[in-house]
Novice: 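Please see the structure below; I have some questions.
All values below were derived from every heavy atom in this structure, side-chain atoms included, with hydrogens, water molecules and symmetry-related copies excluded.
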Protein chains: 2
Amino acid sequence: MTEPIPAPPWQTPKKPPPRQPLSQDLIVQVALRILDAEGLDALSMRRLAQELETGPASLYAHVANKDELLDLVYDTVLSEVEIPVPDPDRWPEQVKEYLRSLRTVFRSHRDLARVSISRIPLGPNGVVGMERTMALMRAGGLPDDIAAYAGDLLASFVTTETLDDAFPAGGTDPATPRAYAAQIRSYLTSLPVDRFPNLVHMAGPITSLDSERRFELGMEIIVRGLSTYARPAGQDSSAGSG
Amino acid sequence: MTEPIPAPPWQTPKKPPPRQPLSQDLIVQVALRILDAEGLDALSMRRLAQELETGPASLYAHVANKDELLDLVYDTVLSEVEIPVPDPDRWPEQVKEYLRSLRTVFRSHRDLARVSISRIPLGPNGVVGMERTMALMRAGGLPDDIAAYAGDLLASFVTTETLDDAFPAGGTDPATPRAYAAQIRSYLTSLPVDRFPNLVHMAGPITSLDSERRFELGMEIIVRGLSTYARPAGQDSSAGSG
DNA sequence: TTGCTGTTAGAACAGTGTTCGTTGGTAGAA
DNA sequence: TTCTACCAACGAACACTGTTCTAACAGCAA
């Protein structure tokens with residue numbers, strides 16, 4: 001192997017980029033990697049460009065702006081959500097399976113909940129997810145307007161419930177949130193009992209629920225509420241379910 | 001009235017600030033005014049300092065950082081929320097009254113929902129609000145752990161439901177969100193029916209609910225779900241309710 | 001008067017998203 | 001083959017952001 005001859009100095013040393021050429025897919029993929037590893041605050045256009053061995057301006061040829069980039073990242077991740085094919089006999093369980101899958105995905109990508117806020121998933125994966133979600137909602141015998149809103153309500157629920165679970169992927173030590181809970185608990189119990197009887201009394205229940213039990217409880221509450229709107233099984237108002 | 005004599009130029013024209021002296025209260029008050037008028041994105045430390053006729057560095061003598069400032073703004077606004085004194089006979093109605101008040105406050109201060117995200121209201125007004133909320137929850141006969149979580153769940157619900165109602169205070173024209181809804185609706189109906197039967201069928205219901213009806217519906221769903229946990233009235237587990 | 005403490009503020013730091021203007025390579029037309 | 005569009009690439013810069021450093025200053029206790 002002979003060393004490549006150094007370019008003569010009077011000839012501008014134009015280095016043809018030997019790296020993988022830029023593309024929207026590649027940009028989105030690397031952005032997601034940064035998000036997972038270091039969180040949303042670390043995901044700047046400069047940081048992303050650096051990871052791709054280019055300048056920030058180059059990204060704008062493939063992505064309109066950062067907001068669109070986050071749209072794309074969000075949609076990409078939505079492909080990981082598993083939504084059961086409806087089986088009316090198992091409706092409440094299936095809704096919960098869907099929500100648990102959504103939660104798992106949201107928790108396995110750092111800050112994804114923050115990214116998802118006020119973003120309507122209309123990308124290719126998002127639309128497929130919506131279709132399946134609507135199928136599932138309708139399988140429960142919910143009237144159309146209730147079913148439509150239920151999809152939003154449930155997704156919002158998962159978002160807010162995972163917002164503060166800032167764990168990076170994998171089981172991190174549960175010490176930090178627990179210490180924070182203990183701090184709040186001691187604050188609540190330190191309040192004057194005469195003015196805050198309920199807070200003092202409830203300091204325990206307020207701070208003792210961990211993320212997973214909160215989630216399971218919230219799910220159960222909403223599903224029970226939705227069930228009260230279900231018509232008796234049988235009369236379906238057309239439109240297939242797959 | 002004699003004009004004040006201009007300071008001689010060889011004497012450094014030190015202008016003693018004739019304006020209202022800085023204080024945390026004043027800073028928070030002006031910050032809230034900017035938030036209401038121009039939204040969260042317009043609320044920068046420089047903008048705030050300018051409004052107070054000073055430099056951004058001066059603010060940091062009264063406020064640790066922007067995050068603490070937003071904590072203070074949030075707590076200030078929470079004083080406007082009206083929480084009914086519990087009357088067990090009217091429990092579901094009272095919960096709704098509380099939530100409607102919360103919604104009104106969130107909507108009457110631009111971007112307040114965004115500010116409130118992942119902020120636990122532990123300021124003076126926030127704690128009083130929590131106390132009253134807990135009193136209300138317990139009056140419904142909910143077990144302690146359910147009552148504790150219900151407070152969070154309901155507040156989160158109002159937050160997410162008001163996140164996109166970016167109306168400035170007062171009844172603004174409802175044209176913008178309605179146009180956006182129409183846009184989404186036409187997109188959904190344009191999808192291929194064979195692959196998206198449910199989305200096409202549901203395009204109407206999905207896009208026809210306005211903010212208020214969504215809110216009323218969501219409230220009803222959650223309250224119904226919570227009611228299923230209520231113990232039969234009578235056995236209270238101590239601790240006063242005011 | 002002398003310190004001292006805490007407020008005021010200009011300047012600056014390190015970062016942000018985005019745009020401008022210029023390159024350079026290449027695909028298509030002549 | 002030659003010329004010409006076109007467009008990705010990208011250094012530099014713009015207008016910001018939150019925050020800190022530093023020095024000067026005011027009010028007040030000793």
Novice: Output the rounded distance in Å from CG (A:Asp25) to P (D:dA8).
Specialist: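 In whole Å, D:dA8 P lies 15 Å from A:Asp25 CG.
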Novice: In terms of side-chain geometry, is the basic nitrogen of B:Glu216 or B:Arg100 positioned less than 4.0 Å from the acidic oxygen of its partner?
Specialist: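 Result for this pair is yes, salt bridge flagged.
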Novice: Which part of the nucleic acid, if any, lies within reach of A:Ser58 when heavy atoms closer than 4.0 Å are counted: base, sugar-phosphate only, or nothing?
Specialist: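 Touches a base.
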Novice: Can you measure A:Tyr60 atom OH to C:dT19 atom C1' for me and round it to whole angstrom units?
Specialist: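 Spelled out: OH on A:Tyr60 to C1' on C:dT19 is 9 Å.
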Novice: Quick one: B:Ile27 CD1 to C:dT8 P, roughly how many Å, whole number?
Specialist: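 Distance, rounded to whole Å: 8 Å.
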Novice: From the list C:dA11, D:dT19, C:dT7, which nucleotide is the closest neighbour of the side chain of B:Ala57?
Specialist: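 Among C:dA11, D:dT19, C:dT7, the one nearest the side chain of B:Ala57 is C:dA11.
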Novice: Starting at CG of A:Leu59 and ending at P of C:dT19, how long is that distance when rounded to a whole Å?
Specialist: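 Nearest whole value for this atom pair: 13 Å.
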Novice: Compare side-chain N and O positions of A:Thr54 against OP1 and OP2 of D:dA9 and report whether any pair is under 4.0 Å apart.
Specialist: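 For D:dA9, neither OP1 nor OP2 has a side-chain N or O of A:Thr54 closer than 4.0 Å.
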Novice: Check this for me: does any side-chain nitrogen of one of A:Glu38 and A:Arg47 sit under 4.0 Å from a carboxylate oxygen of the other?
Specialist: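 Here A:Glu38 pairs with A:Arg47 in a salt bridge, since their nearest N and O are under 4.0 Å apart.
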Novice: Side chain of A:Leu22 only, heavy atoms from C-beta on: which candidate in C:dA9, D:dC14, D:dA9 is closest?
Specialist: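 Shortest atom-to-atom distance from the side chain points to D:dA9.
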Novice: Does A:Arg213 pair with B:Asp145 as a salt bridge, N-O distance under 4.0 Å?
Specialist: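 No salt bridge links A:Arg213 with B:Asp145.
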Novice: Whole angstrom is fine here: how far is it from CZ in B:Arg47 over to P in D:dT17?
Specialist: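 After rounding, the reported distance stands at 10 Å.
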Novice: Give B:Leu48 one of three labels, base, sugar-phosphate or nothing, depending on what nucleic acid heavy atoms sit under 4.0 Å from its own.
Specialist: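 The residue B:Leu48 makes no contact with any strand.
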Novice: Are the charged groups of B:Arg119 and B:Asp67 less than 4.0 angstrom apart, N to O?
Specialist: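 Yes.
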Novice: Classify the side chain of B:Arg46 and the base of D:dG18 as holding, or not holding, a donor-acceptor pair under 3.5 Å.
Specialist: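 Answer yes: a donor N or O sits under 3.5 Å from an acceptor.
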Novice: Atom CG of B:Asp67 and atom P of D:dT17: how far apart are they, to the nearest Å?
Specialist: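 From B:Asp67 CG to D:dT17 P: 17 Å.
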Novice: Taking the side chain of B:His62 as heavy atoms from C-beta outward, which of C:dT7, D:dT20, C:dT19 is closest to it?
Specialist: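 Shortest atom-to-atom distance from the side chain points to C:dT7.
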Novice: Calculate the interatomic distance between B:Leu69 atom CG and D:dT19 atom C1'; express it in whole Å.
Specialist: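 One finds 14 Å between C1' of D:dT19 and CG of B:Leu69, rounded.
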Novice: For A:Glu53 and D:dG11, what is the distance between atoms CD and P respectively, to the nearest whole Å?
Specialist: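 Atom-to-atom, A:Glu53 to D:dG11, this comes out as 12 Å.
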Novice: In terms of side-chain geometry, is the basic nitrogen of B:Arg214 or A:Asp152 positioned less than 4.0 Å from the acidic oxygen of its partner?
Specialist: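 Between A:Asp152 and B:Arg214 there is a salt bridge, with a charged N closer than 4.0 Å to a carboxylate O.
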